[in-house]
Amino acid sequence: MPELAEVAYYCSRWNSGIGSRVTAVETHGQTRCFRDVDADCVRTDLTGKRLIGSRTHGKRMLFEFSEGSWLGVHLGMTGRLLVREASEALEKHDHLALKTGVGWLVFNDPRQFGKIELFESDGLPAEWQALPTEILSKKFDYEYFGKILERRSRSVLKSLLLVQGLFPGVGNWMADEILWRARIRPDRRASLLDEKERKALFDSLRFVCRGAMKYVAPDYTDPPKTWLFRHRWKAGGICPKTGTILERDEVGGRTTCWSSAWQR
DNA sequence: ATGCATGTTACATG
DNA sequence: ACATGTAACATGCA
């Protein structure tokens with residue numbers, strides 16, 4: 001599930017806990033989600049701290065606590081954040097739960113590809129100061145985008161869009177959506193785009209990121225039927241532009257959906 | 001039962 | 001340094 005806007009949505013699920021003190025921490029410490037940090041450290045460190053705020057960057061989330069503690073969360077493939085009533089029992093895949101005045105702030109992840117991190121730092125942790133330029137930031141302009149295409153000219157576009165160090169937050173459905181809107185086939189190489197196509201891809205990239213944030217981030221509303229999103233999930237879907245059956249195949253190792261009459 | 005999944009990383013190979 | 005392919009991770013769903 002979680003790409004750029006879904007991550008922003010899940011991050012906001014814990015907003016009600018901002019300002020609250022963590023009175024207890026429960027962990028399933030033996031799970032893979034704690035591969036980079038000891039669960040006991042997380043429990044010890046966060047107990048008694050106050051949640052101050054949160055932010056996202058691409059697919060990452062960061063929660064700031066009092067006294068210089070920062071909790072990093074990556075949702076992997078099936079992770080989510082939610083709040084449970086204080087009286088509610090925790091469930092099987094609730095790997096981390098922070099007890100606060102508004103209930104349990106829960107990180108749940110059946111497949112455990114997600115990850116918990118802990119930083120102790122006076123200001124923003126160093127790891128978070130070194131993250132790539134965000135797509136919707138002012139710095140991510142057409143010139144910056146062009147340099148990426150030049151540097152990675154031999155890349156297949158679908159794969160390139162999934163590189164988090166270049167396009168933070170873009171995941172499988174967004175990459176398909178971006179290429180579809182730009183009318184470019186997913187298996188094309190960056191170097192073979194003409195000027196018009198490069199511009200179309202840049203515009204589409206920003207449009208899809210903005211649209212995702214507009215529709216999905218506030219309350220998980222699906223994008224409109226005019227988007228590929230609503231048609232791409234299983235075989236037999238219809239292209240909203242052409243009315244013909246969408247193609248589905250593997251490109252760069254990921255399931256990819258495109259419209260052969262629409263994209264060139 | 002079989003195949004597939006909105007993610008990332010390590011490793012081998014070119 | 002880049003690119004590609006594969007396996008691995010662990011579980012639920014159709």
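Chain identifiers are assigned alphabetically (A, B, ...) following the order of the sequence lines, protein sequences preceding nucleic acid strands; residue numbering begins at 1 within each chain.
Contact annotation for A/S155: backbone-only contact, meaning every heavy-atom pair under 4.0 Å involves sugar-phosphate atoms and none involves a base. Within 4.0 Å of A/G171, counting heavy atoms only, lie sugar-phosphate atoms of the nucleic acid but no base atom. At the heavy-atom level, A/K115 lies nowhere under 4.0 Å from the strands shown. A/R189 comes within 4.0 angstrom of the backbone, heavy atoms only, and of no base. Among the atoms of the strands shown, none is found under 4.0 Å from any heavy atom of A/R35.
Residues A/D203 and A/K199 are paired through a salt bridge, judged by an N-O separation under 4.0 Å between the basic side chain and the carboxylate. Salt bridge status for A/D109 with A/R32: absent, with no side-chain N to carboxylate O gap under 4.0 Å.
Between A/L96 and A/E26, the closest side-chain pair of non-hydrogen atoms is not below 4.5 Å.
Applying the 4.0 Å criterion to OP1 and OP2 of C/dG12, one finds that A/H93 has a side-chain N or O inside that range. Checking the phosphate oxygens (OP1, OP2) of B/dG7, a side-chain nitrogen or oxygen of A/R254 falls inside 4.0 Å. Within the structure, a side-chain polar atom (N or O) of A/H74 is placed less than 4.0 Å from OP1 or OP2 of B/dT8.
For the C1' atom pair drawn from C/dC9 and B/dA1, the interatomic distance equals 22 Å after rounding to whole Å. Taking atom P on both B/dC4 and C/dT6, the two are 14 Å apart, rounded to the nearest angstrom. Nucleotides B/dT6 and C/dT4 place their C1' atoms 22 Å apart, quoted to the nearest Å.
Separation of atoms CD (A/E91) and CG (A/N108) is listed at 7.0 Å; rounding is to 0.5 Å. Atom CZ of residue A/R50 and atom CZ of residue A/F65 lie 12.0 Å apart, to the nearest 0.5 angstrom.
A 3.5 Å limit on both hydrogen-bonding distances identifies C/dA7 as the Watson-Crick or G-U partner of B/dT9. Across the strands present, C/dC2 finds its partner in B/dG14; the criterion is a Watson-Crick or G-U wobble pair with both atom distances under 3.5 angstrom.
To the nearest angstrom, P of C/dC2 lies 10 Å from CG of A/L166. One interatomic measurement links the two molecules: CZ of A/R111 to C1' of B/dT6, which rounds to 10 Å at whole-angstrom precision. A/L75 places its CG atom 16 Å from the C1' atom of C/dT11, with the value rounded to the nearest Å. Atom CG in A/L228 sits roughly 13 Å away from atom P in B/dT6 (whole-Å rounding). Put simply, CZ on A/R151 is 9 Å from P on C/dA3, counting in whole angstrom units. Rounded to an integer number of Å, the gap from A/H57 NE2 to B/dG7 P is 17 Å. Look at NZ on A/K158: it is 13 Å from P on C/dG5, rounded to the nearest Å. In this structure, A/K234 atom NZ and B/dG3 atom C1' are separated by 17 Å, rounded to whole Å.
Distances from the side chain of A/Q164 to the nucleotides B/dA5, B/dT8, C/dG12 place B/dT8 closest. Listed nucleotides: B/dT6, B/dT8, C/dC2. Nearest to the side chain of A/K59: B/dT8. The nucleotide whose nearest atom lies closest to any side-chain atom of A/R154 is, among C/dT11, B/dA5, C/dC2, C/dC2. Here the side chain of A/V156 is nearest to one of C/dT11, B/dT6, C/dT4, namely C/dT4.
Checked against A/E197 for a salt bridge (Lys or Arg N to Asp or Glu O under 4.0 Å), the options A/R188, A/R183, A/R185 give a single hit: A/R188.
Remark: the A/R152 side chain and the C/dA3 base include no donor-acceptor N/O pair separated by less than 3.5 Å.
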Show your reasoning for whether side-chain hydrogen bond (donor to acceptor under 3.5 Å, both in side chains) applies to A/T256 and A/K158. CA-CA 8 Å; A/T256 299; A/K158 170 68 187 261; 2.8 Å; yes
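Look at A/F113 and the base of C/dC9; the rings stack, centres closer than 5.5 Å and planes less than 30° apart.
In terms of position on DNA chain C, the residue among A/R32 and A/K92 whose nearest nucleotide sits closer to the 5' end is A/R32.
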